[in-house]
Each structure stands twice: as C-alpha cells, then as structure tokens.
There are 2 protein chains.
Amino acid sequence: MAEAKGLSDTRQAIMRSAADLFAELGYRNTSIRAIAADAGCDPALVPHYFDSKEALFSAVVADTVRPAEVLREALRRGDAGAAEWLLRHAVADWEDPVQGRRILGVLRSVLDLPVARERMSRALLPRDVADSGPDEVRVWLVSSLFIGVMTSRHMGLLDETLFKEGGEAAVDALAPVVGALLGADGPDA
Amino acid sequence: MAEAKGLSDTRQAIMRSAADLFAELGYRNTSIRAIAADAGCDPALVPHYFDSKEALFSAVVADTVRPAEVLREALRRGDAGAAEWLLRHAVADWEDPVQGRRILGVLRSVLDLPVARERMSRALLPRDVADSGPDEVRVWLVSSLFIGVMTSRHMGLLDETLFKEGGEAAVDALAPVVGALLGADGPDA
DNA sequence: GACTTATTTCAATGGGCGTTGAATTGCGTG
DNA sequence: CACGCAATTCAACGCCCATTGAAATAAGTC
C-alpha cells in the first residue's frame, strides 16, 4: 500500500544519510548523489521524495535540536545553579555523537544557506522568548557563547581534556561565564 | 619589467577580489571564475599567478588578522580593565567593514577547508601563548566567545542596536563575561 | 627592429552537479 | 489475471566548475 509518500524505508534512509552528511560536510559540500549513495538508492529518489535539495535540508533541520526549550527553562530558574544545569544539558547535547554532529551540521550549513539562517534564528529565538524583552539579550549572549564553543571544538582549537568524561572540566570552566551571562542585565535594567 | 611574478596590478586585484568574495560567500561558494570576473581578468590568470584555488585561499588568509597579539596583551594586563580594553579592540576589529568581513571570511571558510582550520588554529594560538599553560584555556574560552558572537552577528541573530555607535552597548553587555573568562582558572589553579 | 620574457587571452577538457521525464519493477486490489 | 499505483531505475539534459596548454599581446633590452 504505502499511502502517498512516507512509509518507504528509503525515504527514511535518505533522511538519515542526509543528516549525517550535512553534519559532516555542510550543505554546499554535500551532494544529492552522495546522499543517495550513502542511503543505497538512486539519486533521482531524493528530488522525488523531497522536492529539492534545499527542501531536504529544511526537513532535516526541522528534525533537529530545539535548544530554545532548554534555554527557556534555564532562564526561568535564574539563579546561579541554572548556569551549571544549562551547561550540563548543552555539553551533554553536543558531546552526544549523534546530536552533536547534527547541531554542528546545522550551524555549519547556516553559513552556506540563507534559508537555514532563518530556521536557526527562529529555533534559537522563538517568539515568546524574543518578546520577553531584556531576556532576548541574555539568550543571544548564551547562544553566542555556545555557538563559539562548538565551533572551536570542531576546529580542534580547544584542549581535548576539557571534554573528557562527560565534559566535567568544560562545565567547570564555563560555569562562571554562563553565570555572568545569565546575571548580566537584570529583567528591569 | 616586472620580474618573475609579483608586481602585476592584476595579481593584486585578484587577491583583493578573492578576499572579498571568500569573506562574503565562503570558500566553497566562491568560484575562480567569479573572482576573475570581479577582478576584471581572465579566469585562467588565477591558477597562473597562484597555483590553485586552495593556494590562493592560503595566500589570502596569510594576509589577514592576527588576533593572538591582542589577546596576549590583554592577558598580560590581567585585571578587570583588561576585559573592556580587549573587547573594545575586538568589537572595533570586527565592526570594521573591511577587517570584519575578512575575519568572518576566514571563520566561514574554516569550516569548508581543512587546511584553513590549521591556519586559523595557529593564528589564534601561537606557540608562545599555547605553551603558557593555564592561559591556554583562557585564550581558548575568549576566542570561543568571540567566534560565537561574530557568527551570531553574521547570522542576524542579535539585536542590531547592540552594535550601534561603535558597539558601546555590546562592550557593556560582554564586559562582565569576558572579565569572568579572564579571571576563571587563575595561573596556578 | 629583433629577441626575450612576462602578461594575458582563448578554447577546450573532463568532471560533478541538481534535476527531469520516461521507462521499469513490484505489489495490493478488483 | 489484469489493473493501478507507488517505488524505483536509467539515461540524459544543461550548467558551472578548476585547470590546462597553446596562442596572442605587450613591454623592456640590446
């Protein structure tokens, strides 16, 4: 049967391969043909199931990370402990072999593809958070730090030992910074 | 006369166009043909003067930013005022229409091109800084934050007003954070 | 003016790309 | 079995790419 399009194994396989390759190589460096090869199907199937390479990318991103939720939770706490809690979440996320690569992939491709920029922007700063006024600045600052740390990590800039054993060292090193970020510019200042 | 290769106007024009386009589009999205068009010469001149697209990119990067010097200076100061001083330098640098785009270009392309990663890494963490032990972590943290802020800014994530009028607001918002970063993990901890 | 050397042009090669449309297979239903 | 429809394959299109090598031009030297 297989109504419309959706329950084919191949469709999912394409999705998974695309996520992997986009993450590893970025949007521009990933070809539809490579995705198809990885998924073990014909290249023509990709524009068949998803309309275009760009649409496929959108679909992949939509399936990925929604960091705003975590951020919102941390903002609601608002005390010193929140920084550590947030950091643990973040580090765990981007050290996870699957999730980490996905996030990185989005980040990477954001620079290649204008449409990805919007998606990223909306994922990081959904309406309700953005509208909360001064919080916007704090969310933006924390996001920026995290983006930078992830990029550095990916570039091999950092000391590997910081991320051994669940990233305890990284959490310790970053905690006071995140604390300062969350504390900066109180809700009424 | 023009000995060997070097004093041709075109060579320099290519270099300039390449810097511009790499900065705006990233390595992978910039074609030799586009560079040549921008420089007003034949595409074949590019692999003629520089051996390959990759070599051209290396040449461009070599001509760009050396943020380590500024960082080193800030580290030597080490007090609270240093954070603000460092920030002013950094913000001024990446808000400068020319310099800002160049830095961004390198950052952008670093993700596309492995060889660029090494260059970036060495520019940010030269031997003498890297060997200074605990300072390495601090340099890395500050760099990460800056990388993140620049990326966010380029993605349009941030509030434009933060960077109006020389970026005073941005400096204010970030100063406590950078202070925390520079203060974190004293030289003997 | 002839020779040399650097600079530039031109045309072409081979390759990868995203996408298309027609053909083929496979399968559940009448 | 035959029909219809989804899943898939295949071959091809047109486009842009980096790079090449030979030809043409310009400039400086004797």
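Only a predicted model underlies this, so the values are computations on that prediction, with no experimental measurement involved. Labels below follow one simple rule: chain letters A, B, ... track the order of the sequence lines, proteins then strands, and each chain is numbered from 1.
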Item checked: Geometric class of the A:Phe22/A:Tyr27 ring pair [parallel <30°, tilted 30-60°, perpendicular >60°] -> parallel
Margin query: Give the residues of residues 14-24 of chain B touching DNA chain D, defined as any heavy atom closer than 4.0 Å, sorted by residue number.
Written below: none
Note to self: Do B:Leu145 and B:Leu141 have side chains that approach each other closer than 4.5 Å (heavy atoms only, starting at C-beta)?
What the structure shows: no
Next item on the list: Check the pair B:Ile14, B:Phe50 against side chain to side chain contact (heavy atoms under 4.5 Å, CB included), reporting the backbone distance first and the verdict last.
Entry: CA-CA 10 Å; B:Ile14 290 174; B:Phe50 311 84; 3.7 Å; yes
Check: Going by heavy atoms closer than 4.0 Å, what residues in residues 26-44 of chain B are next to DNA chain D?
Finding: B:Thr30, B:Ser31, B:Ile32, B:Arg33, B:Ala44
Note to self: Please confirm whether the shortest side-chain N or O distance from B:Ser52 to OP1 or OP2 of D:dA18 is below 4.0 Å.
What the structure shows: no
Checklist line | A:Phe50 CZ - D:dA7 P separation (whole Å) | finding: 12 Å
Notebook entry, point to check: To the nearest Å, how far apart are B:Asp51 CG and D:dG21 P?
Noted result: 13 Å
Next item on the list: Can you sort out the partners of B:Asp96 under side-chain contact (heavy atoms from CB on, under 4.5 Å), two or more places apart, ordered by chain and number?
Entry: B:Val98, B:Gln99
Next item on the list: Please name all residues satisfying side-chain hydrogen bond (donor to acceptor under 3.5 Å, both in side chains) with B:Glu54, sequence neighbours left out, ordered by chain then number.
Entry: none
Check: Which whole-number value in Å describes the distance from B:His48 NE2 to D:dA24 P?
Finding: 18 Å
Next item on the list: Might you point out which heavy atoms bring A:Val177 and A:Ala173 nearest each other, and give the distance in Å?
Entry: CG2-O, 4.0 Å
Note to self: Expressed as a whole number of angstroms, how long is the span from B:Leu45:CG to C:dC10:P?
What the structure shows: 11 Å
Checklist line | Relative orientation of the end axes in the helix from C:dG1-D:dC30 to C:dG30-D:dC1, expressed as an angle to the nearest 10° (five pairs per end) | finding: 10°
Notebook entry, point to check: Would you say A:Phe146 and A:Val178 make side-chain contact, with heavy atoms under 4.5 Å?
Noted result: yes
Checklist line | Which nucleotide in C:dT19, D:dT9, D:dT19 has an atom nearest any side-chain atom of B:Pro47 | finding: D:dT19
Margin query: D:dA7, OP1 or OP2 - any side-chain N/O from A:Thr10 closer than 4.0 Å?
Written below: no
Notebook entry, point to check: Any idea which heavy atoms bring B:Gly167 and B:Val91 closest together, and the distance?
Noted result: CA-CG1, 4.1 Å
Pair up each side-chain donor or acceptor in residues 29-40 of chain A with any protein partner under 3.5 Å, not counting sequence neighbours, and list the distances.
from, atom 1, to, atom 2, distance (Å)
A:Asn29, OD1, B:Arg28, NE, 2.7
A:Asn29, ND2, A:Leu25, O, 3.1
A:Asn29, ND2, B:Asp112, OD1, 3.2
A:Thr30, OG1, A:Leu21, O, 3.2
A:Thr30, OG1, A:Gly26, O, 2.7
A:Ser31, OG, A:Ala34, N, 3.0
A:Asp38, OD2, A:Ser17, OG, 2.6

Next item on the list: Quick one: list whatever passes side-chain hydrogen bond (donor to acceptor under 3.5 Å, both in side chains) with B:Ser152, sequence neighbours left out.
Entry: A:Ser144
Item checked: A:Arg88: partners by salt bridge (charged side-chain N to carboxylate O under 4.0 Å, His left out), with sequence neighbours left out -> A:Glu84, A:Glu168
Next item on the list: Please check the phosphate of D:dA6 (OP1 and OP2 only) for any side-chain N or O of A:Tyr49 closer than 4.0 Å.
Entry: no
Item checked: B:Leu56 CG - D:dA18 P separation (whole Å) -> 11 Å
Next item on the list: Starting from C1' on D:dA6, measure out to CG on A:Asp9 and report it in whole angstrom.
Entry: 14 Å
